[in-house]
Amino acid sequence: MYLLIPAAGSGRRMGSDRNKLLLDLLGKPLLAWTLLAAEASQTIEWIGIIGQSIDWEEFKAIVRSLNLTKPIHFIQGGSTRQESVFNGLQALPSDAAHVLIHDGARCLATPTLFDRCSQALESCDGFIAAIPVKDTIKVVDNGAIVSTPDRSQLWAAQTPQGFSVPLLKKCHAEGRQNGWEVTDDAALFEQCELEVRIVEGEETNLKVTTPVDLAIAEFILRQRLH
Ligand code: CTP
Ligand code: MG
């Protein structure tokens with residue numbers, strides 16, 4: 001299975017002066033934990049890291065320090081996540097049939113989750129990892145509630161997300177043509193009226209976005225390592 005790791009953000013909401021994926025988490029840069037999970041998965045055979053030029057030197061040092069056995073490719077990122085994934089898709093070998101896309105910032109995803117996701121692509125063209133929403137969600141306009149969607153139908157989207165490569169390329173092309181701006185790849189599939197299935201994600205598979213997330217991630221990792 002091919003894996004693309006979007007890692008070309010700046011981590012604005014983390015409030016740090018550099019890419020949050022370079023921040024320390026229990027003695028390793030955040031990105032290292034993501035790479036170690038991909039390395040430990042049984043199904044991933046090819047890893048593409050999508051990054052900004054300013055981070056190449058540090059990304060390459062991380063990869064060297066981990067002594068990974070799987071081939072690693074470095075791909076130039078874009079100005080949005082959508083553009084970064086688009087670039088990643090162009091960099092896949094031409095015979096790639098399926099791809100998993102997993103945010104570098106979700107550094108707690110387990111190897112088992114990667115493998116469950118790879119397996120899902122044997123029986124569908126598109127899926128996302130997701131978990132049932134725990135909170136009651138309100139739709140709000142101008143400071144007042146508009147509606148309360150039925151929680152049993154609400155799922156929180158995670159990555160990995162996986163797709164047929166030719167179909168996802170087509171959806172990205174259509175998205176560019178029509179100016180669709182989306183925050184995940186499933187949204188492009190949806191816009192093209194293609195089915196996206198749900199694979200049970202992991203409650204601990206959080207996206208490190210703010211300093212609080214970093215503290216929670218550290219707590220979860222400590223528990224795991226004990
Ligand atoms: N990402 C990317 N290319 C971009 C923007 C984001 O590859 N132009 C990646 C990030 O590196 C991250 C993932 O997409 O692994 C999810 O994005 P997010 O959590 O929003 O990270 P940032 O964009 O770095 O953070 P922020 O939005 O707070 O600036
Ligand atoms: Mg972002």
Side-chain angles (χ1 to χ4, degrees), residues 2-25 28-39 44 46-63 66 72-92 99-110 113-114 117 128-131 156-163 168-169 171-172 175-176 179-189 201-202 204-218 220-221:
Y2 294 88
L3 172 68
L4 289 172
I5 301 181
S10 59
R12 194 180 34 82
R13 285 170 288 177
M14 185 59 74
S16 154
D17 57 357
R18 57 195 195 140
N19 190 342
K20 64 186 176 187
L21 300 184
L22 296 170
L23 297 180
D24 181 84
L25 177 57
K28 288 188 186 57
L30 217 134
L31 181 64
W33 294 102
T34 313
L35 288 169
L36 285 172
E39 167 79 7
I44 308 278
W46 185 106
I47 300 172
I49 304 175
I50 310 167
Q52 301 292 352
S53 334
I54 188 173
D55 293 328
W56 282 144
E57 216 168 297
E58 278 165 289
F59 280 11
K60 286 180 178 163
I62 293 169
V63 167
L66 297 175
I72 307 287
H73 299 261
F74 295 95
I75 304 157
Q76 182 61 47
S79 61
T80 61
R81 182 187 182 281
Q82 189 175 343
E83 233 179 88
S84 291
V85 174
F86 176 86
N87 291 355
L89 291 172
Q90 313 313 310
L92 289 174
V99 65
L100 295 186
I101 298 162
H102 180 65
D103 288 342
R106 289 191 189 268
C107 53
L108 300 181
T110 65
L113 177 60
F114 281 114
C117 287
I128 70 168
I131 55 167
Q158 302 184 339
T159 67
Q161 305 196 348
F163 305 91
L168 186 61
K169 279 186 164 173
C171 296
H172 267 267
R176 284 163 80 90
W180 299 337
E181 285 177 17
V182 296
T183 52
D184 72 357
D185 297 281
L188 292 172
F189 238 59
E202 295 172 331
T204 50
N205 179 21
L206 57 89
K207 182 161 72 68
V208 176
T209 307
T210 61
V212 169
D213 297 322
L214 199 57
I216 297 171
E218 180 172 330
I220 294 167
L221 271 179

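Both ligands and their constituent atoms are indexed starting at 1 by order of listing.
Inclusion of T209 in the set of residues having an N or O under 3.5 Å from an N or O of ligand 1 is not warranted. Close N/O approach between K20 and ligand 1 is found [any backbone or side-chain N/O within under 3.5 Å]. Here's the thing with A105: one of its N/O atoms is less than 3.5 angstrom from an N/O atom of ligand 1. Checking only distances, G11 does come within under 3.5 Å of ligand 1, N or O to N or O. Distances between N or O atoms of A8 and those of ligand 1 include at least one value under 3.5 Å.
Using a 4.5 Å cut-off on side-chain heavy atoms (C-beta onward), T80 and E181 make no contact. Within the 4.5 Å cutoff, no side-chain heavy atoms of L25 are placed close to those of V208. In this structure, the side chains of Q52 and N19 stay at 4.5 Å or more apart for every pair of heavy atoms.
In terms of protein heavy atoms, atom 20 (O) of ligand 1 is closest to R13 NH2, 2.9 Å. Nearest non-hydrogen protein atom to atom 29 (O) of ligand 1 is R12 N, 2.7 Å. In terms of protein heavy-atom proximity, atom 3 (N) of ligand 1 is nearest to S84 OG, 2.7 Å.
A donor-acceptor pair under 3.5 Å is absent between the side-chain atoms of Q161 and the main chain of I101, judged by distance alone.
Comparing heavy-atom distances from atom 6 (C) of ligand 1 across G104, G9, S79, G88 singles out G9 as nearest.
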Can you check salt bridge (Lys or Arg N to Asp or Glu O under 4.0 Å) on D213 and R106, steps first, answer last?
-> CA-CA 10 Å; D213 297 322; R106 289 191 189 268; over 6 Å; no

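For CD1 of I54, the number of neighbouring non-hydrogen atoms (other residues, nucleotides, ligands) closer than 6.0 Å is 12 at most. Sparse packing is recorded around CZ of R176, with 12 or fewer heavy atoms of other residues, nucleotides or ligands lying under 6.0 Å away.
The atoms of ligand 1 that sit less than 4.0 Å from any heavy atom of G78 are 8 (N).
Between H73 and W46, the ring planes lie parallel to each other; the angle is under 30°, not in the 30° to 60° tilted range. Ring geometry for H102 versus F114: interplanar angle over 60°, hence perpendicular rather than tilted (30 to 60°).
Looking at K207 against ligand 1, only its side chain comes within 4.0 Å, counting heavy atoms. In E83, neither the side chain nor the backbone holds a heavy atom less than 4.0 Å from any atom of ligand 1. Contact annotation: for P6 versus ligand 1, heavy atoms closer than 4.0 Å belong to both the backbone and the side chain.
Residue contact check for ligand 1: G77 places no non-hydrogen atom closer than 4.0 Å to it.
Taking CG of D185 as the start and CZ of F163 as the end, the distance is 5.0 Å to the nearest 0.5 Å.
Counting only heavy atoms, the protein never gets under 4.0 Å from atom 17 (O) of ligand 1.
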